[in-house]
There are 2 protein chains.
Amino acid sequence: MQRKTTLKELSKSLNLSISTISKALNNSPEISKATVEKVKRSAALHNYIPNFAARNLKAGNSGTIGIVLPTMSNPFFSSAFEGIEAALMKRGYKSLVFLSHESLDLERTGIQKLVETQIDGLIISPAHETINSKSIQHLTQLKSLHIPIVTLDRTLHEIACDSITTDEELKAEIAISNMQKSGCKNIIFLSGTIGATRKTGYKQALKSVGQVTRIMEYHSDFPKDELLEMLLAKSIDGIMACSEHCAIQVMSFILQNGFSIPQDVSVISYHNSSIGQSFWPALSTIDLKPEEQGNLAVQTLFDRINGLLPSGKINYQLDSEIIQRSSTKPIRS
Amino acid sequence: MQRKTTLKELSKSLNLSISTISKALNNSPEISKATVEKVKRSAALHNYIPNFAARNLKAGNSGTIGIVLPTMSNPFFSSAFEGIEAALMKRGYKSLVFLSHESLDLERTGIQKLVETQIDGLIISPAHETINSKSIQHLTQLKSLHIPIVTLDRTLHEIACDSITTDEELKAEIAISNMQKSGCKNIIFLSGTIGATRKTGYKQALKSVGQVTRIMEYHSDFPKDELLEMLLAKSIDGIMACSEHCAIQVMSFILQNGFSIPQDVSVISYHNSSIGQSFWPALSTIDLKPEEQGNLAVQTLFDRINGLLPSGKINYQLDSEIIQRSSTKPIRS
DNA sequence: CTGAAAGCGCTTACAG
DNA sequence: CTGAAAGCGCTTACAG
């Protein structure tokens with residue numbers, strides 16, 4: 001029965017002090033080259049694996065970053081996580097992940113665990129419940145422990161921490177305006193649980209041309225009959241969908257009922273996954289750059305940890321991108 | 001500037017020994033009720049948070065489970081992760097996540113980090129590269145350190161560890177047979193990078209009725225022209241798609257070209273996400289139960305850790321489920 | 001260049 | 001019921 005090899009054991013087998021072993025393994029210039037080699041060879045032979053718990057206890061940091069996301073089932077967040085994980089891996093850091101499922105309670109429990117683990121920083125997309133209730137003591141707690149926080153995509157105005165967002169509101173406005181230029185006269189917004197801020201861009205755009213806004217609420221299922229009626233009455237010729245999922249649902253419904261996209265109805269959505277790309281017609285979309293957001297969140301977190309950032313909070317606003325594909329008509333010039 | 005409160009500080013402020021404080025906080029029956037309360041009140045007041053690194057150093061375990069998955073972008077794996085995370089959270093454990101992106105190298109690096117962190121167990125869906133190359137030293141290493149491993153969905157026959165799988169092969173066979181009973185005479189299999197084992201079920205089913213198998217390879221893009229030709233020639237009336245993504249791509253293509261589902265072509269796929277469910281027509285599918293697999297993986301891991309399982313490896317084969325919706329014709333009885 | 005010693009923050013026999 | 005002491009596995013001044 002093999003136990004994990006420790007410095008003590010190596011020390012015994014090599015007849016060297018623990019200090020020397022430790023220094024040799026860490027490439028300390030104090031130690032002679034010969035000794036370093038001897039130690040390393042022995043360590044490899046004995047399958048020595050350093051104990052991070054011990055190292056961290058001394059160092060006071062854990063090499064671990066806490067990640068709290070609402071869910072992984074939403075492609076936006078899984079992509080964001082992929083960006084975060086890759087950036088963290090590159091820096092030799094580890095990702096400790098908790099999912100809040102939009103619940104304040106679960107978020108709190110996760111953060112508690114994270115603090116106990118001595119995380120070096122936190123990247124979080126706060127739960128809806130947190131945002132709405134403005135209960136942020138579990139987060140301010142981190143601030144007082146000097147654990148930096150970066151919010152991703154969703155901002156918490158009540159707390160002073162760095163944040164990553166996109167200019168999605170502006171891009172929504174431009175996208176709507178593009179649809180109008182392409183001939184759309186009746187654009188509705190298909191809204192789900194997400195996308196509260198997205199509505200704003202839509203409203204802004206319609207307001208600027210003096211048009212009435214029409215928002216159709218959508219929760220797991222949307223009012224098909226109503227939509228079908230509008231299609232038949234030709235009282236709709238454009239849809240901005242709050243998510244790709246929602247867009248695909250609507251588009252399949254439209255196609256299935258014999259209407260054409262974009263001839264009868266233009267459809268644009270948010271997020272850019274391969275599924276929207278490979279749909280027929282290929283889905284026009286506003287790419288929210290989740291991976292880049294994740295990457296930038298990590299970058300910002302480390303800049304903050306390393307004291308490279310001025311005090312006060314910083315907001316990085318990433319450019320989102322309108323990707324024009326076949327589900328919207330080309331702009332008439 | 002607030003530092004984290006330690007037992008030592010509480011000890012000073014209360015004029016009690018560190019031992020007493022520690023025991024009180026852990027509800028040791030040795031300590032008087034009055035003291036326990038006093039200590040707890042003071043701890044709360046000082047925002048005391050236990051240091052897990054220290055605790056784990058003593059205990060020799062970390063309360064952390066390593067999770068290594070190929071990706072989060074594939075809905076199967078993000079769902080599996082949701083199942084794992086919830087089960088772990090319920091038990092007060094933490095998830096340390098690494099993504100392999102199907103690369104042996106990345107998988108190795110992740111596992112290395114995980115071992116250094118003293119994880120108590122590992123749940124892994126091995127990378128394709130690992131499976132193909134049969135390089136498993138990074139995993140056998142864990143075995144020799146008595147860190148239990150459970151594989152999820154993808155099995156590694158070369159290593160003696162517990163595994164979770166489904167009966168997808170059998171269900172594929174049944175699903176194909178159902179399609180035949182519903183009148184399909186020319187069923188093709190649309191195959192991607194995943195789904196090697198899935199082909200087997202398809203082949204098995206066609207072989208059993210003496211039909212020729214037709215497999216169309218699919219990588220990010222499939223041969224549209226070829227498919228269109230088959231549709232026009234009516235030489236195809238059923239498709240088994242290796243993934244939901246693939247199914248949606250094909251279905252939108254079929255609808256877009258004026259054919260009907262399932263009247264002209266039946267389509268069945270794997271995995272069961274809300275997107276397939278809300279598609280028109282709703283996608284028939286073989287549900288691979290990723291969340292349940294994740295859940296069961298955690299359960300098995302803890303049973304193994306707690307010595308509840310007999311020595312030798314155990315394979316849990318979960319029932320996958322054929323979900324008949326509108327993209328396949330009803331079975332004629 | 002090598003080693004003895006202290007200490008990171010906790011837990012847990014052991015003594016009183 | 002409370003406390004002194006040892007120790008988990010490491011790192012790092014300090015001494016030699």
Side-chain angles (χ1 to χ4, degrees), chain A residues 2-40 42-43 46-64 113 115-120 145-147, chain B residues 2-40 42-43 46-64 113 115-120 145-147:
Chain A
Q2 188 187 336
R3 279 280 343 119
K4 265 192 88 165
T5 312
T6 63
L7 288 192
K8 203 198 271 185
E9 279 150 47
L10 290 181
S11 149
K12 236 175 239 165
S13 95
L14 284 173
N15 243 323
L16 282 167
S17 77
I18 295 182
S19 330
T20 305
I21 308 274
S22 168
K23 287 174 192 161
L25 252 20
N26 290 309
N27 294 313
S28 159
E30 288 182 46
I31 308 296
S32 76
K33 247 183 112 176
T35 308
V36 169
E37 283 205 358
K38 197 166 60 177
V39 170
K40 288 202 170 171
S42 173
H46 288 83
N47 266 313
Y48 172 72
I49 295 159
N51 182 330
F52 264 45
R55 185 176 289 178
N56 298 337
L57 185 55
K58 281 292 301 182
N61 71 338
S62 63
T64 303
K113 286 256 152 219
V115 174
E116 290 171 351
T117 315
Q118 323 289 114
I119 49 164
D120 298 337
L145 293 167
H146 306 285
I147 300 172
Chain B
Q2 188 188 334
R3 278 283 339 123
K4 266 192 87 164
T5 311
T6 64
L7 288 192
K8 203 199 272 184
E9 279 151 45
L10 291 181
S11 148
K12 237 177 238 162
S13 94
L14 284 173
N15 244 325
L16 282 167
S17 76
I18 294 182
S19 329
T20 305
I21 307 275
S22 168
K23 287 174 192 161
L25 254 19
N26 290 309
N27 295 312
S28 161
E30 289 183 45
I31 308 296
S32 77
K33 247 184 114 177
T35 308
V36 169
E37 283 206 357
K38 197 166 60 176
V39 169
K40 287 201 170 172
S42 172
H46 288 83
N47 266 312
Y48 171 72
I49 295 158
N51 182 331
F52 263 47
R55 185 175 290 179
N56 298 337
L57 185 53
K58 281 290 303 182
N61 70 337
S62 63
T64 304
K113 287 256 153 219
V115 174
E116 290 172 350
T117 314
Q118 322 290 117
I119 48 164
D120 298 337
L145 292 167
H146 304 285
I147 301 172

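Keep in mind the model is a prediction, meaning the values are calculated, not measured. Below, all heavy atoms of this structure are taken into account, side chains as well, without hydrogens, waters or symmetry copies. Residue numbering restarts at 1 for every chain, and letters A, B, ... go by the order of the sequence lines.
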Less than 3.5 Å apart, any donor N or O on the side chain of A:Ser19 or A:Ser22 sitting next to an acceptor on the other? no
Any side-chain donor paired with an acceptor under 3.5 Å for B:Thr20 and B:Ser17? yes
In terms of the nearest nucleotide of DNA chain C, which residue is placed more toward the 5' end: A:Leu57 or A:Lys33? A:Lys33
Check: B:Ser62 main-chain N/O paired with B:Asp120 side-chain donor or acceptor under 3.5 Å: yes
Donor-acceptor pair, side chain of A:Asn61 and main chain of A:Gly63, under 3.5 angstrom: no
For [X] and [N], give me the distance from atom [atom1] to atom [atom2], rounded to whole Å.
{"X": "B:Asn56", "N": "C:dG9", "atom1": "CG", "atom2": "P", "result": "15 Å"}
{"X": "A:Leu14", "N": "C:dG3", "atom1": "CG", "atom2": "C1'", "result": "15 Å"}
{"X": "B:Asn51", "N": "D:dG9", "atom1": "CG", "atom2": "P", "result": "17 Å"}
{"X": "B:Leu7", "N": "D:dA5", "atom1": "CG", "atom2": "P", "result": "18 Å"}
{"X": "A:Glu30", "N": "D:dG16", "atom1": "CD", "atom2": "C1'", "result": "13 Å"}
{"X": "B:Glu116", "N": "D:dG9", "atom1": "CD", "atom2": "C1'", "result": "14 Å"}
{"X": "A:Lys38", "N": "C:dC1", "atom1": "NZ", "atom2": "C1'", "result": "12 Å"}
{"X": "A:Ile18", "N": "D:dG9", "atom1": "CD1", "atom2": "C1'", "result": "8 Å"}

Are [X] and [N] close enough that a side-chain N or O sits under 4.0 Å from OP1 or OP2?
{"X": "A:Asn26", "N": "D:dT11", "result": "yes"}
{"X": "A:Tyr48", "N": "D:dC10", "result": "yes"}
{"X": "A:Ser22", "N": "D:dC10", "result": "no"}

Among C:dG3, C:dT11, D:dT11, the one nearest any side-chain atom of A:Leu16 is C:dG3
Among D:dC10, C:dG9, C:dT12, find the nucleotide with the atom closest to the side chain of B:Ser19. C:dT12
Any strand, both distances under 3.5 Å, Watson-Crick or G-U wobble: D:dA13 pairs with none
Who is the Watson-Crick or G-U wobble partner of C:dA4, with both distances under 3.5 Å? none
Once rounded to the nearest 0.5 Å, what's the spacing between atom NZ of B:Lys113 and atom OG1 of A:Thr64? 8.5 Å
With hydrogens left out and only the distance checked, is there a donor-acceptor pair under 3.5 Å joining A:Lys23's side chain and the base of C:dG3? yes
On the side chain of A:Ser17, is there an atom forming a donor-acceptor pair with the base of C:dA4 - under 3.5 Å, no angle test? no
Let me spell it out: for each of A:Pro50 and B:Val36, pick the nucleotide of DNA chain D with the closest heavy atom. Which residue's pick is nearer the 5' end? B:Val36
For a quick check of understanding: with a heavy-atom distance under 4.0 Å over all strands, which category does A:Thr20 fall into, base, sugar-phosphate or nothing? base
What's B:Ser32 touching, base or sugar-phosphate or nothing? Going by heavy atoms closer than 4.0 Å. sugar-phosphate
Do B:His46 and B:Ser42 have side chains that get closer than 4.5 Å, going by heavy atoms? yes
